[in-house]
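The structure under discussion appears below in the form of structure tokens.
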Amino acid sequence: MTTHLLEPVTFGELPLRIEDVLALANRQAPTRLQDDAGYRQRIAKGAQFLDSLLDKEGVIYGVTTGYGDSCVVAVPLQHVEALPRHLYTFHGCGLGKLLDAQATRAVLAARLQSLCHGVSGVRVELLERLHAFLEHDILPLIPEEGSVGASGDLTPLSYVAATLSGEREVLFRGERRQAADVHRELGWTPLVLRPKEALALMNGTAVMTGLACLAFARADYLLQLATRITALNVVALQGNPEHFDERLFAAKPHPGQMQVAAWLRKDLAIDAPTAPLHRLQDRYSLRCAPHVLGVLADSLNWLRSFIEIELNSANDNPIIDAEAERVLHGGHFYGGHIAFAMDSLKNLVANVADLLDRQLALLVDERYNHGLPSNLSGAPADRAMINHGFKAVQIGTSAWTAEALKNTMP
């Protein structure tokens, strides 16, 4: 039984925040789908306009044409109904590990939010079923690999389209099940996707955006955790607290840097100038901690902007403008903003790893730890020669730091 701790998250005309996606990913908040008559009518109008174009034999990318370079290939009207199933079927070739439950919920939330803009040409029934997947925690089994981002998350999102249609597998109540069996158990009829609906589900950035929301939340927590760990290190190493003086940071006023210094002052209970210490300057990993962590702190605002604009966008193609009765062909499936944000975040997080690795190296090294035992060993003198304390932990930390730095390439 899920315990809901937060207010319901509503999918519809209002924007979502990263925190909303995180709450849904962690099953901490219930969901609802906007259901007033005006909103439902606006969603339905897009699908109806699409049907009217088909009646007139209009040319619509991915509906009456092939995909990608095959957009010049016309699809006869008698095959239009079959095209959605062909699209999610031939993309069912994902690779690698499966996304975990938390990530899959974030993906479903991101895709539903995009389609709720009402410019994707899908039926209300599709929004309701996608919302029901979230509500009942029916999670498509989505392989991690197979998307390049430049053409949307086509292959991973094909697993969402297929399971809504009663095909492939889902995780339901802790068990790996056939989607068709779960539909039957709940008394649901699997969807037969209408023209444009498979494309609307798949041709977007929901996987990368959902994962970006989770990565952002982890980085935000890491920033605060690393600041507190730094404070512990300053205490353990008898560091000079004047390195975090408010007046010092007023001279180089990056807001995030100033925030980290303020957190350190609070953790170290510094509220007045201290007496001069025997050591004027600590090593970089203590003295420059606000500067290193401050880069991450200052970057979170623009990272949030990139992610939340993408989250609250209609990021498929084509866009269906039912009000003006136009089909707008473009490239909103392109994931460049999220890719750049995540490439940047990798660098920021690796710098934090590097900082904490050096702090631990100071703690275990009797040359620099100001009287603490070698390797922080608590062994008595007669056993000190065989006890290596945290030596291997520090080596392992350096190994993981090297891994983080290696993975900073785009």
For L268 versus A231, what's the shortest heavy-atom pair and its separation?
CD2-O, 3.6 Å
Over 12 non-hydrogen atoms of neighbours within 6.0 angstrom of CZ in F49
yes
Are side-chain N/O atoms of Q394 and S398 paired as donor and acceptor at under 3.5 Å?
yes
Might you confirm whether atom OH of Y334 has over 12 heavy atoms from other residues, nucleotides or ligands at distances under 6.0 Å?
no
Taking S158 for the side chain and H91 for the main chain, is one N or O donor matched with an acceptor at less than 3.5 Å?
yes
Roughly how far, to the nearest 0.5 Å, is the OG1 atom of T230 from the CG atom of L237?
11.0 Å
Please name the pair of heavy atoms, one in P290 and one in L264, separated by the smallest distance, quoted to 0.1 Å.
CG-CD1, 3.8 Å
Residue pair R111 / T209, side-chain donor-acceptor N/O under 3.5 Å:
no
Between E169 and Y159, is there a side-chain donor-acceptor contact under 3.5 Å, judged purely by atom types and distance?
no
Between N375 and S377, do the side chains contain an N or O donor and an N or O acceptor separated by less than 3.5 Å?
no
Under the criterion salt bridge (Lys or Arg N to Asp or Glu O under 4.0 Å), I'd like the reasoning laid out for R17 against E19: C-alpha separation, chi angles, the key distance, then a yes or no.
CA-CA 5 Å; R17 302 181 76 239; E19 287 74 13; 3.0 Å; yes
Heavy-atom nearest pair, P318 first then L199, reads CD-CD2, 4.0 Å
Side chains of S120 and D316: any donor to acceptor distance under 3.5 Å?
yes
Under the criterion side-chain contact (heavy atoms from CB on, under 4.5 Å), I'd like the reasoning laid out for L24 against R105: C-alpha separation, chi angles, the key distance, then a yes or no.
CA-CA 7 Å; L24 296 179; R105 295 183 195 112; 5.6 Å; no
May I ask you to say whether E185 pairs ionically with R173, meaning some side-chain N is under 4.0 Å from a carboxylate O?
yes
For Y39 and C116, which heavy atoms make the closest approach, and how far apart are they?
OH-O, 2.7 Å
For L293 and A226, the nearest pair of non-hydrogen atoms, with its separation, is CD2-CB, 3.8 Å
Quiz question: by atom type and distance under 3.5 Å, do the side chains of H131 and T31 form a donor-acceptor pair?
yes
Looking at H243, I'd like to know if its NE2 atom is crowded, meaning that more than 12 non-hydrogen atoms belonging to other residues, nucleotides or ligands lie closer than 6.0 Å.
yes
Please check if the side chain of E403 supplies one atom and the backbone of W400 the other of a donor-acceptor pair under 3.5 Å.
no
Electrostatic pair E13-R42, nearest N-O below 4.0 angstrom
yes
F172 ring centre to R177 NZ or CZ under 6.0 Å, with the angle to the axis within 45°?
no
Taking S147's backbone N and O only, do any of them form a donor-acceptor pair with D153's side chain (distance below 3.5 Å, no angle check)?
no
Can any side-chain N or O of T227 pair as donor or acceptor with the backbone N or O of V260 at less than 3.5 Å?
no
Just do the side-chain contact (heavy atoms from CB on, under 4.5 Å) check on N369 and V364 with the steps written out, would you?
CA-CA 7 Å; N369 65 14; V364 301; 5.9 Å; no
Crowding at CD, E366 (>12 non-hydrogen neighbours, <6.0 Å)
no
Is it the case that the side chains of Q359 and D357 hold a donor-acceptor pair, with the cut-off being a distance below 3.5 Å and no angle test?
no
How about H337: does its NE2 atom have over 12 heavy atoms from other parts shown lying under 6.0 Å from it?
no
Could you walk me through whether E135 and R129 pass the salt bridge (Lys or Arg N to Asp or Glu O under 4.0 Å) check?
CA-CA 9 Å; E135 194 174 29; R129 183 59 54 84; over 6 Å; no
More than 12 heavy atoms from other groups under 6.0 Å of CZ on R228:
no
Flag this pair as yes if the NZ/CZ of R358 is under 6.0 angstrom from the six-membered ring centre of Y284 and inside a 45 degree cone about the axis; otherwise no.
no
For D100 and K97: C-alpha separation, side-chain torsions, deciding distance, then whether salt bridge (Lys or Arg N to Asp or Glu O under 4.0 Å) applies.
CA-CA 9 Å; D100 63 23; K97 298 176 184 177; over 6 Å; no
I would like to know whether Y368 and R283 meet side-chain contact (heavy atoms from CB on, under 4.5 Å); could you show each step before the answer?
CA-CA 9 Å; Y368 308 115; R283 291 187 168 269; 3.0 Å; yes
Can you tell me if N26 and Q102 form a side-chain donor-acceptor pair at under 3.5 Å?
yes
Side-chain donor/acceptor of T155 to backbone N/O of C93, under 3.5 Å:
no
Are V292 and L355 close enough that some pair of their side-chain heavy atoms sits under 4.5 Å apart?
yes
D282 backbone acceptor or donor facing R287 side chain under 3.5 Å:
yes
In terms of side-chain geometry, is the basic nitrogen of D343 or K346 positioned less than 4.0 Å from the acidic oxygen of its partner?
yes
Do D220 and R304 sit within salt-bridge range, that is, some charged N less than 4.0 Å from a carboxylate O?
no
Are any side-chain N or O atoms of E197 and backbone N or O atoms of R123, one a donor and one an acceptor, separated by less than 3.5 Å?
yes
Is it the case that more than 12 heavy atoms not belonging to E125 sit under 6.0 Å from its CD atom?
yes
Output, in order, the C-alpha distance, side-chain angles, deciding distance and verdict of salt bridge (Lys or Arg N to Asp or Glu O under 4.0 Å) for R265 and E242.
CA-CA 9 Å; R265 289 195 300 274; E242 289 192 357; over 6 Å; no
Distance-only side-chain donor-acceptor flag, D298 / Q257, under 3.5 Å
no
Y88 (side chain) donor-acceptor with L154 (main chain) under 3.5 angstrom:
no
Can you see which heavy atom on T163 is nearest to which on A179, and at what distance?
O-CB, 3.9 Å
Is a side-chain donor or acceptor of N240 paired with a backbone partner of L280 at a separation under 3.5 angstrom?
yes
For the side chain of N312 and the backbone of E308, is there at least one donor-acceptor N/O pair under 3.5 Å apart?
yes
Ring geometry between F306 and F340 (parallel below 30°, tilted from 30 to 60°, perpendicular above 60°):
tilted
